[in-house]
Amino acid sequence: LFFFNDTATTEIYTRSLVGSVRCVQETGINAEYMGIIEITGQMSDKVVPELIKKKEARDAELKKKSVEEKKAKKEASKAKLQVIKAKGKAWFEADKKASLELIQAMRKAKKENSYYVPSEAKVAFVVRIRGINTLHPKPRKVLTLLRLRQLHNGTFVKLNKATIQMLRLVEPHVTFGYPSKETISKLIYKRGFIKENGQRIPIQSNEQIEKQLGKFGIVCIEDLIHEITSCGPHFKEANNLLWAFKLNPPKGGFDCKRHSFVQGGDWGNREEYINELVNNMLQHPCSPTFTQQHYSCLLYTSPSPRDATLPRMPSSA
């Protein structure tokens with residue numbers, strides 16, 4: 001460090017020696033004798049590098065822009081939420097009105113000693129219940145076309161002549177029926193995954209759906225449920241967006257996979273009873289009721305090997 005007794009020379013070097021003066025202050029040297037502490041204090045308050053000024057101005061501008069964008073996004077999200085609520089309310093009223101009309105039509109037919117035949121279902125939910133052992137290549141190909149590649153997979157299928165014939169080919173390997181709106185809503189909310197860049201992504205926000213189906217007027221999960229339930233004009237796009245549902249084994253197990261549902265078994269068409277099966281398959285196997293039931297069943301049918309005198313099954317079985 002260089003110090004000068006001349007005040008003018010000291011004032012000139014003060015601009016570049018602010019850091020040096022700080023070092024002098026820290027080391028305890030009598031810098032007041034040089035007459036530079038007051039000068040450096042005044043100059044450090046006034047002189048700010050140009051790069052620092054530009055950086056502060058840029059940061060302030062970016063912060064202001066970010067605050068404005070967040071505010072605009074929040075207002076747009078609030079407006080969109082109001083639209084979604086209005087849609088949901090309108091669909092709820094329409095479903096309620098349709099159900100009342102159906103009940104009135106059935107009561108009127110009964111009063112006139114006649115019958116009321118409701119319209120046929122447009123959508124079916126198909127669940128695979130058999131594996132791939134001893135499976136013929138033709139039904140295996142049909143199961144692949146239905147996106148039922150694994151055991152206990154489920155998909156929505158639009159019912160027409162072609163899909164009904166496909167279901168007949170794989171009928172001994174699947175069970176299907178006509179799901180209610182409540183069942184469809186449970187499936188999508190609890191086990192809903194979408195395809196995004198070839199990956200299985202869980203549904204976590206409406207933006208995911210709007211990004212891929214917004215051009216078809218489907219902007220939220222309620223739009224997606226309504227499109228599947230009503231089998232709308234864009235059912236194909238909405239159904240293809242959904243990944244095949246991966247379900248648990250049903251609570252209590254299947255009755256008999258070798259026989260059809262009408263014969264007391266499991267495979268085949270079970271119409272509205274598919275709702276009960278889906279509810280059982282949506283329950284997590286670690287839930288208390290599920291675990292307790294299976295645990296007691298194992299204790300009941302499998303006594304200890306040391307109890308040689310006891311039968312394996314009760315005499316009433």
Side-chain angles (χ1 to χ4, degrees), residues 18-19 22 41 43-97 123 147 154-156 179-248 278 282-284 286-287:
V18 174
R22 290 175 183 169
M43 298 304 297
S44 61
D45 293 338
K46 295 180 180 179
V47 178
V48 178
E50 192 67 22
L51 291 177
I52 300 298
K53 290 182 179 179
K54 290 182 179 180
K55 184 178 182 301
E56 291 178 351
R58 184 177 68 249
D59 292 346
E61 185 179 356
L62 290 175
K63 184 177 181 180
K64 182 180 179 182
K65 188 177 179 181
S66 176
V67 170
E68 292 177 354
E69 288 179 354
K70 287 182 179 179
K71 185 177 180 180
K73 187 177 180 180
K74 187 175 181 180
E75 292 177 355
S77 178
K78 191 178 294 184
K80 191 181 294 183
L81 182 62
Q82 296 298 328
V83 174
I84 292 172
K85 287 183 177 180
K87 278 186 177 182
K89 186 177 181 180
W91 289 332
F92 175 78
E93 296 294 336
D95 293 339
K96 186 177 179 181
K97 183 179 179 181
V123 180
R147 300 189 296 161
T155 55
F156 295 110
S180 63
K181 184 175 181 179
E182 182 181 0
T183 300
I184 295 174
S185 180
K186 280 184 179 180
L187 281 167
I188 294 178
Y189 272 108
K190 290 187 175 182
R191 300 294 175 89
F193 287 78
I194 63 174
K195 286 184 279 188
E196 189 173 344
N197 298 326
Q199 296 179 340
R200 182 172 178 259
I201 307 298
I203 301 176
Q204 296 178 335
S205 63
N206 293 325
E207 284 75 11
Q208 294 175 295
I209 299 173
E210 184 179 7
K211 181 180 178 181
Q212 301 197 41
L213 298 178
K215 54 186 176 182
F216 303 115
I218 302 174
V219 298
C220 64
I221 194 169
E222 288 297 330
D223 288 345
L224 184 63
I225 293 172
H226 177 72
E227 192 71 18
I228 297 293
T229 305
S230 62
C231 194
H234 301 293
F235 174 86
K236 180 180 178 181
E237 292 80 4
N239 193 29
N240 286 340
L241 177 67
L242 291 171
W243 199 281
F245 296 93
K246 296 187 178 184
L247 305 175
N248 296 321
V278 170
L282 283 175
Q283 187 168 353
H284 199 276
C286 295
S287 61

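Because only heavy atoms are used, hydrogens play no part in the values below, and waters and symmetry mates are left out as well, while side chains stay in.
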Interatomic spacing from CZ in Phe156 to CG in Leu187 - rounded to 0.5 Å: 5.0 Å
Within residues 54-82 or reaching into it, pairs that qualify as ring-ring contact (aromatic ring centres under 6.0 Å, His included) - sequence neighbours excluded: none
Inter-residue atom distance Ile188.CD1 - Ile228.CD1, 0.5 Å rounding: 6.0 Å
Check against side chain to side chain contact (heavy atoms under 4.5 Å, CB included), Val278 and Lys186: CA-CA 9 Å; Val278 170; Lys186 280 184 179 180; over 6 Å; no
Separation of Asn240 CG from Phe235 CZ (nearest 0.5 Å): 9.0 Å
Ile203 side chain near Trp243 side chain, heavy-atom distance below 4.5 Å: no
Value rounded to 0.5 Å, distance of NZ in Lys190 from OG in Ser185: 10.0 Å
Side chain proximity check, Lys80 to Asn206, heavy atoms < 4.5 angstrom: no
Side-chain heavy atoms of Ile209 within contact of Ile221, under 4.5 Å: yes
Pairs satisfying ring-ring contact (aromatic ring centres under 6.0 Å, His included), at least one member in residues 196-216, at least two apart: Phe216-His234
I'd like a table of donor-acceptor pairs (distance under 3.5 Å, sequence neighbours excluded) in which one partner is a side-chain atom from residues 55-76, with atom names and distances.
from: Lys55; atom 1: NZ; to: Asp59; atom 2: OD2; distance (Å): 3.1

Polar side-chain atom of Asn248 near backbone of Gln283 as donor-acceptor pair, under 3.5 Å: yes
Ring-face cation of Arg191 near Phe245 (centre distance under 6.0 Å, axis angle within 45°): no
Closest non-hydrogen atom pair between Glu227 and Pro233, with its separation: OE2-N, 3.3 Å
Interatomic spacing from CD in Glu237 to NZ in Lys215 - rounded to 0.5 Å: 8.0 Å
Under the salt bridge (Lys or Arg N to Asp or Glu O under 4.0 Å) test, residues paired with Lys195 that sit two or more places apart: none
By salt bridge (Lys or Arg N to Asp or Glu O under 4.0 Å) - contacts of Lys211 (at least two apart): Glu196
Where Thr155 and Ala244 come nearest, the two heavy atoms and their spacing: CG2-CB, 3.8 Å
Contacts of type salt bridge (Lys or Arg N to Asp or Glu O under 4.0 Å), residue Lys181, not counting sequence neighbours: Asp95
Passing candidate, side chain to side chain contact (heavy atoms under 4.5 Å, CB included) with Cys220, options Ile84, Val83, Ile225: Ile84
Distance (rounded to the nearest 0.5 Å) between Asn239 CG and Leu224 CG: 9.0 Å
